[in-house]
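Beneath this line is the structure, given in structure tokens, with notes to follow.
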Amino acid sequence: MPHGLNPAQHAAVTTLSGPLLVLAGAGSGKTRVVTYRIAELIKNGTPPARILAVTFTNKAAAEMQQRAAALLGKGRKEKPEISTFHSLCVRILRRHARVLGYPPQFSIYDRGDQESVARASLREIKVADDQLRPGDLVNQISRWKMQSVRPEQAASLAHTDKEHLAAMAYRRYQKSLKQAGAVDFDDLLLCTEELFQHFADVRQAEAGRFAHLLVDEYQDTNGSQYRIVKALAGGHRNLCVVGDDDQSIYGWRGAEVSHILQFKQDWPEAKVVRLEENYRSTEAILTLANRLIKYNKNRHDKVLRPARGGGEKPRILQCQDEEAEAKQVIEDIRSRLTDGTCEPRDFAILFRTNEQPRAFESELRQAKLPYVLVGGMSFYDRKEVRDVLSYLKLLVSPSDEVALRRIINTPARGIGQRAVGALIDEAVSKSKPMWEILAHAGQLPTMPPAAAEAIARFRHMLEQFRQRLAVESIVEVVSGLISHLGFQDEIARTYKEPLEQQARWAAIEEVVNMLGAYQKRNKKPTLGGFLDDIALGDRNDEDDKENQLKRNAIALMTLHSAKGLEFPQVYLVGLEEGLLPHRRSVEIEGAAIDEERRLCYVGITRAQDRLTISLALSRLRWGKSKPTKPSRFLFEITGQAETARNQTPKPGAGAPPKRAKPPSTPHVGTRQPTRKPAAGPPTTPPRRPSRG
DNA sequence: TTAGTGACACTTTTT
DNA sequence: GTGTCACTAA
């Protein structure tokens, strides 16, 4: 038995053929089991390239790759294929895009691109922002796609006014995407599913590449993913899925826990292994976690058994406002660091929403502590980065309309609103991609002559660079393009602050650096490949690893990004009603709250040695301080839920009648940093830590 | 007609 | 803090 696995883990590692369901609780050594299993398969003669492991996030994939490589030794040429669902689908679709009517170099639209298309679609059908916001439309479309609802079917499923509008917009949206030769993230799955469904030969070819399939975080699979897994594993039936229904936190993306609960029905001969021993957290932390998750009704009743007894009792920090919260948390970390028992990388600050880290970041900067903000895609959301990337997208895929519209006049080159309007009108009426209209823009009656010339120059310029791509290296072409466009001057002109200029130009240079790194590590680098990696967040290059994982820094991330990770010292911040649980879930009630509870559970179970929970008594919203209510989860984990229920008046279906409050008293008088609040949970005194 | 400035509202979670 | 809209100067 390898390396001291317990009997359940051993069974999971050595059951090598046929379907296998591993119900793995938090901290039960799941990742270890999975990598050992891959090693075991190879030891038993399976060629590594015949093994496919699918994960949900890039982080999980990267970690699994790393662990597998460490276990198998470096010298191996052949590696098991370990990737996320989405990158797997991209690779499949790039091979077969034509049969679905897409160009092989199709663009992948991210959230920002999706919203652009959504905005344009809504404008076309004359829907105002206050009737249906582009962001909400994107969410609704995503929900439909997760349920494999086609644009034509959406109308019949719509109930509310908003849904009807969304159904109309969905048609336009999908038409625009198709015309732009682009797919969104949901399409990646949907198209793969469709491909397998309609083209049996393709399915067989793709499924036949692998003899073993492994799916991590199976509780998070949505309908499409579920069917793709079935299609891939249906032949050999060597399917191992690993998951935990208590950690299902992607219901809002169409994930269905039923997939993991019904596994035995789909694969009747399946073996089931339960990993219920928790090696990660101390007993004190697990007690809290178990107490919380019990409040969820629809779940497999199970209790994680702690392997590490005792432990420091989790503390609850109650702070005046978000600034005080950040200050106290950082001060706590700082004192831990100076006494020499911990390193920065031992700490994680976990939060619900992406607006929360701001206060913590500024405190960390002031304290001069190293930190990494994980996941906040901020770099790729920078205006200049998106601009540069749009040029690259347009070089690869001329039909990419979102990219074209973004940069047709950036930097300004005399193609104004009127000119663009004329192009769009022509494109719509001829239903041709806008790129094709550019060629004869001068002949359009409503086209201003000056703009027509600018368009001709613009088109010619891009054609030139596209041709250079065939003979020169991608870094050369892109550097040439950036200097030709005069981005540096443009930045100097538009931003006054020298520091800001530097930062913005540095971002553009960083894109070129990343391109260089990509070119270096790939045998046949292409611009399209680079863009795929970026779109999928699949940048597992050395640079990134060194910057992010190896660097000894405090980690800041959302609860969603924290899944699958562990840290000795965890700070779970912002436990307030409206934040965790989030107000959008509070409005829906029911299942949404259960998911928030699981989210909280995931946060708690990330902690190995020490857990600190914090909340602010007031929080800035729209620049004004507003009082907050402690999260219901706090009452639940401290065993005060019943008391709380009696104390909080329940004013029917979600009416916040607190309008009467004068907006003039934002400062709260008394300080009571670590004392029990009127209706709040108690602060628990620290106990002597005892290591397992 | 286009470029530049200022006011405005918007902020769940992710591939 | 950022993208969009409306307004003004060229």
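Quick note on labels: first sequence line is chain A, next is B, and so on, each numbered from 1. Treat the numbers as computed from the prediction; the structure is a model and nothing was measured. Quick note: numbers below take in every heavy atom, side chains included, and nothing from hydrogens, waters or symmetry partners.
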How about [X] and [Y]: does a side-chain donor come under 3.5 Å of a side-chain acceptor?
X         : Y         : answer
Glu217(A) : Gln219(A) : yes
Tyr601(A) : Asn296(A) : no
Gln174(A) : Lys145(A) : yes
Gln114(A) : Arg111(A) : no
Gln225(A) : His259(A) : no

With the side chain of [X] defined as its heavy atoms from C-beta on, choose the nearest nucleotide among [options].
X         : options                  : value
Arg119(A) : dT14(B), dT12(B), dT4(C) : dT4(C)
Phe185(A) : dT14(B), dT15(B), dT2(B) : dT15(B)
Lys383(A) : dT2(B), dG3(C), dT15(B)  : dG3(C)
Arg358(A) : dC5(C), dG1(C), dG3(C)   : dG1(C)

Open item on the list: Closest-nucleotide mapping onto DNA chain C: is Arg504(A) or Arg123(A) further toward the 5' terminus? I mean the 5' end.
Closed with: Arg504(A)
TODO: Could you say whether the aromatic ring of His86(A) and the base of dT15(B) stack, counting only centre distances under 5.5 Å and plane angles under 30°?
DONE: no
- [ ] Compare the ring of Tyr250(A) with the six-membered ring in the base of dT13(B) and state whether they stack (centres under 5.5 Å, planes under 30°).
- [x] no
- [ ] Look at the rings of Trp252(A) and Tyr250(A) and say which category their plane angle falls in: under 30° parallel, 30 to 60° tilted, over 60° perpendicular.
- [x] tilted
Atom [atom1] of [X] and atom [atom2] of [N]: how far apart are they, to the nearest Å?
X         : N       : atom1 : atom2 : answer
Lys145(A) : dT15(B) : NZ    : P     : 18 Å
Asp387(A) : dT2(C)  : CG    : C1'   : 13 Å
Ile249(A) : dT15(B) : CD1   : P     : 11 Å
Gln225(A) : dT15(B) : CD    : P     : 12 Å
Ile534(A) : dT15(B) : CD1   : P     : 15 Å
Glu595(A) : dT13(B) : CD    : C1'   : 9 Å
Glu115(A) : dC10(B) : CD    : C1'   : 11 Å
Ile593(A) : dT13(B) : CD1   : P     : 17 Å

Task: Inter-nucleotide P distance (dC10(B), dA6(C)), Å rounded - done: 15 Å
Classify [X] by what it touches in the nucleic acid, base, sugar-phosphate, or nothing, heavy-atom distance under 4.0 Å.
X         : answer
Ala450(A) : nothing
Asn409(A) : sugar-phosphate
Arg386(A) : nothing
Gln417(A) : sugar-phosphate
Phe85(A)  : nothing
Ser87(A)  : nothing
Arg253(A) : base

If the cut-off is 4.0 Å, is [X] near the phosphate of [N], judged by side-chain N/O to OP1 or OP2?
X         : N       : value
Arg584(A) : dT12(B) : yes
Arg111(A) : dT11(B) : no
Asn139(A) : dT14(B) : no
Asn354(A) : dT12(B) : no
Ser561(A) : dT14(B) : yes
Arg133(A) : dA9(B)  : no

Task: Geometric cation-pi criterion Arg150(A) and Tyr170(A), 6.0 Å radius, 45° cone - done: no
Open item on the list: Using Watson-Crick or G-U wobble geometry with both distances under 3.5 Å, which nucleotide pairs with dG4(B)?
Closed with: dC7(C)
Task: 5' precedence on DNA chain B between Glu596(A) and Gly416(A) (nearest-nucleotide basis) - done: Gly416(A)
